[in-house]
Amino acid sequence: MDASELLGQDFEQLQVVREPSRGLLAVIAVHSTALGPAHGGIRRWRYPTTAAAAVDALALARAMTWKCALAGVPAGGGKAVIHDDPGLDRAFAYRRVGEFVEQMGGRFFTGPDVGTTDDDLREVARATRFVAAPGRNGPGDLGEATARGVFAALTALTLFLERELPGLRVAVQGLGAVGMKLCGLLAGAGARLLVADVAAERTATAAREFGAEVLAADAILAAECDVLAPCALGAVLDERAAPELRAGGVCGAANNVLADAATGLMLHRRGIPVVPDFVANAGALIQGATFHLQGRRPDPARIDRIGAVAGEILARARREDVPPGELALRMARERVAAAGDAIYLPPRR
Ligand code: NAI
């Protein structure tokens, strides 16, 4: 999608923050607050142009809207991106973005995303209350919350496939904050793990702690297994990789795991159910939004409800003979449209 196409869509707010002398170009986007205040992390990434940064921020914000709608969280979609300029004064940039978030007064809550570390979040937290701060005063371990939600969705997929977790062969790509915790949950339930990561020490840990079989990073997608759990990068399943897949189903944390709708259709036609990533990986959103909106961490059972949502989508998608991702998007759009188009303005505090 190019800039003019994306800007023509129904977004509420777009803020460009620019201070060239500090190497700062940031974009804050709010897609929809029809269901509640916007939630979305801060991504630091190198963008070729300002328009590319705006397009990414808007597309990511919109994805957050759909994620909130399906997770049943009374919140909307937002996102901030910081251009990773070689001359970037990083601490300053995160603080500045925090100042803008603070000025939005609770219309947008932010947190981690690709390229943003705990130290970066501490800078943001110096400037605003509306951030998932690391440590004891924050919402807690978001990677753990995501892994719990993926595990719940993967359990629903297993039922859908008429299988059981004990003995299930699960191939996990990426053993980071989410993937490693997911391995722990799966091993605890008796699943057999196949794992891959570009970092050898992580695969060694999984082999030692969970008895996982280690595969080469370029072999995991085509591994013979019951479920493939992509927990590394986005867009790993494309029209080249999809025909090679030997998994019975797909459920992981990685955002935008399907490169495009055509790949989703191809897997659907091959009879390989794919739990939509924005359904499976909503655990961190539920954790963060509950903390921001209700001032407490959620009951873990709230995250486990992702399993019921995933199960419903898989069953409906089969009945309607559509790819689960396509159905999930339609359901999310309907929920947001039903809420009307009033924007959320926070009370002064
Ligand atoms: P992370 O950065 O902690 O871990 C990613 C892991 O993937 C690293 O161990 C890295 O070495 C590995 N990796 C990178 N390229 C690889 C390749 N080609 N083959 C195999 N392994 C590779 O990231 P995290 O937080 O675990 O997130 C995983 C995915 O889930 C990301 O796509 C992220 O956007 C998504 N996600 C994460 C959430 C969270 O709460 N952390 C929430 C929602 C989505």
Side-chain angles (χ1 to χ4, degrees), residues 39-45 56 59-61 63-64 66-68 70-71 73 77 79 81 110-118 120-121 132 134 138-154 171-186 193-207 212-223 228-238 240-241 250-259 275-291 297-298 303 306 310:
H39 281 66
I42 304 174
R43 177 165 297 193
R44 186 169 51 87
W45 194 253
D56 201 33
L60 291 164
M64 288 302 294
W66 310 144
K67 192 188 279 201
C68 292
L70 285 186
V73 171
K79 204 82 178 189
V81 304
T110 197
D113 196 76
V114 175
T116 294
T117 63
D118 279 1
D120 297 325
L121 288 176
D141 187 336
L142 297 179
E144 192 174 311
T146 302
R148 188 175 180 111
V150 173
F151 180 70
L154 201 152
V172 181
Q173 181 193 40
L175 300 169
V178 179
M180 195 68 93
K181 295 246 164 60
L182 177 64
C183 284
L185 294 170
L186 288 166
L193 297 171
L194 310 168
V195 298
D197 196 296
V198 287
E201 72 280 5
R202 296 194 176 179
T203 51
T205 303
E213 183 184 333
V214 178
L215 301 186
D218 59 3
I220 192 94
L221 291 178
L228 171 68
C231 296
L233 316 163
V236 288
L237 297 181
D238 55 19
R240 221 162 34 101
V250 178
C251 177
N255 281 311
N256 304 320
V257 72
L258 298 173
V275 178
D277 44 63
F278 63 98
V279 173
N281 71 17
L285 166 73
I286 293 170
Q287 183 92 5
T290 306
F291 184 77
R297 296 180 182 178
I303 293 176
I306 288 174

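In each ligand, atom 1 is the first atom listed, and ligand 1 is the first ligand listed.
Ranked by closest heavy atom to atom 21 (N) of ligand 1, the top entry among Asp197, Val195, Thr203, Val114 is Asp197. Taking all heavy atoms of Gly111, Ala232, Ala200 into account, the minimum distance to atom 32 (O) of ligand 1 is reached by Ala232.
Less than 4.0 angstrom separates atom 11 (O) of ligand 1 from at least one non-hydrogen atom of the protein.
Atoms OG1 and CZ, from Thr117 and Arg44 in turn, are 7.5 Å apart once rounded to the nearest 0.5 Å. To the nearest 0.5 Å, the span separating CG on Leu215 from CG on Leu194 amounts to 5.0 Å.
The backbone N or O of Pro139 lies less than 3.5 Å from a partner atom in the side chain of Gln287, making a donor-acceptor pair. When atom types are taken as modelled, the side chain of Asn281 and the backbone of Ala253 share a donor-acceptor pair closer than 3.5 angstrom. Without hydrogens or angle criteria, Asp197 side chain to Arg202 main chain gives no donor-acceptor distance under 3.5 Å. Between the side chain of Asp277 and the backbone N or O of Asn256, at least one donor-acceptor pair lies under 3.5 Å.
For atom 38 (C) of ligand 1, the closest non-hydrogen atom on the protein side is Thr146 OG1, 3.7 Å. Looking only at protein heavy atoms, the nearest one to atom 23 (O) of ligand 1 is Ala177 N, 4.5 Å. Nearest protein heavy-atom contact of atom 36 (N) of ligand 1 is Ala253 O, 3.8 Å. Nearest protein heavy-atom neighbour of atom 5 (C) of ligand 1: Cys231 O, 4.0 Å. The protein non-hydrogen atom at the shortest distance from atom 4 (O) of ligand 1 is Gly176 CA, 3.2 Å.
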Leu154/Leu185 under side chain to side chain contact (heavy atoms under 4.5 Å, CB included): CA gap, chis, key distance, verdict | CA-CA 11 Å; Leu154 201 152; Leu185 294 170; over 6 Å; no
Apply side chain to side chain contact (heavy atoms under 4.5 Å, CB included) to the pair Val73 and His39, showing each step before the final yes or no.
-> CA-CA 10 Å; Val73 171; His39 281 66; 5.9 Å; no
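Of the listed residues (Asn255, Val257, Ile220), just one forms a side chain to side chain contact (heavy atoms under 4.5 Å, CB included) with Pro230, and that residue is Val257.
Checked against a 3.5 angstrom limit, the closest N/O atoms of Val178 and ligand 1 fall inside it. Of the polar atoms of Leu233, none of the N or O atoms is found under 3.5 Å from an N or O of ligand 1, judged by distance alone.
The closest approach between a heavy atom of Gly234 and any atom of ligand 1 is not below 4.0 Å.
With a 4.0 Å heavy-atom cut-off, ligand 1 is reached by the backbone of Val198 and by its side chain too. Residue Leu175 touches ligand 1 through its backbone alone, judged by heavy-atom distances below 4.0 Å.
Every atom of ligand 1 with a heavy atom of Ala284 under 4.0 Å away is listed here by number and element: 40 (O). Residue-ligand proximity, Arg202 to ligand 1, at heavy-atom distances under 4.0 Å covers atoms 8 (C), 9 (O). Atoms of ligand 1 lying under 4.0 Å from at least one heavy atom of Leu142, given by number and element, are 40 (O). Contact atoms of ligand 1 toward Asn255: 32 (O), 34 (O), 44 (C) (distance under 4.0 Å to a heavy atom of the residue).
Here the side chains of Val214 and Val195 are in contact, with some heavy-atom distance below 4.5 Å.
Annotation: side chain to side chain contact (heavy atoms under 4.5 Å, CB included) contacts of Thr205 (sequence neighbours excluded): Met180, Arg208, Glu209.
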